[in-house]
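As structure tokens, the structure follows; a few thoughts come after it.
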Amino acid sequence: NAGVTQTPKFQVLKTGQSMTLQCAQDMNHNSMYWYRQDPGMGLRLIYYSASEGTTDKGEVPNGYNVSRLNKREFSLRLESAAPSQTSVYFCASSERGEDTEAFFGQGTRLTVV
Amino acid sequence: QKEVEQNSGPLSVPEGAIASLNCTYSDRGSQSFFWYRQYSGKSPELIMSIYSNGDKEDGRFTAQLNKASQYVSLLIRDSQPSDSATYLCAVNMNFGNEKLTFGTGTRLTIIP
């Protein structure tokens, strides 16, 4: 079972470049999330999507855009990368309702130079 | 005020002792509460979930929830070196708001 798959695993960008982080889940979950994790900061929510066709801002949305392409896929785009966006990015998915265990992808380590 | 707060630690506990991890949350509408464990360089993995006031036990782990005090805790009995990790508290409002919010995590070290 694949679960939540993120690509790429590692990426180095130059300041000002753009890129899209891809995420797909095969568990038929309605909710999907993008988090960033920095040392000492825990997981900070960037954007989330409660269902196909809806997206909402989280705690740190500035500098990012998202697309919920379909129920399976939720992408995160950096239009003009900045060194402050150097981080580890996690995608997660969960079912709606009480039993909302979130399953995580393996993470993307992004460095912006 | 952060929505979910944890002591960042580090917390050091002797092997075999009880480790106690605490978490408070700000939104009284929160319905679901989770504890995740994250080893260095790895993804978070769920170890406990709790939805009702009181205690929930699973092996060496016990989650405790007090909605009136907006407080959730995790106890690890008979701590093992393999329990050394960062523990993340997460809170979800449910019922149409699927915003899953995490605390900053507590780094736990079990001393042999």
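In what follows, chains are A, B, ... by sequence order, proteins preceding strands, each numbered from 1.
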Which word best sums up how the rings of A:F104 and B:F102 line up, parallel for under 30°, tilted for 30 to 60°, or perpendicular for over 60°? perpendicular

B:R107 side chain vs B:G9 backbone, donor-acceptor pair below 3.5 Å: no

Check ion pair B:R37-B:E45 (N to O, under 4.0 angstrom): yes

Any salt bridge linking A:D38 with A:R36? Criterion: basic side-chain nitrogen under 4.0 Å from a carboxylate oxygen. yes

Looking only at heavy atoms and a cut-off of under 4.5 Å, which of B:P44, B:G105, B:G41 has the most pairs with chain A? B:P44

Contact class of B:Q6 relative to chain A, heavy atoms under 4.5 angstrom: neither

Portion of A:L43 that has a non-hydrogen atom of chain B nearer than 4.5 angstrom: both

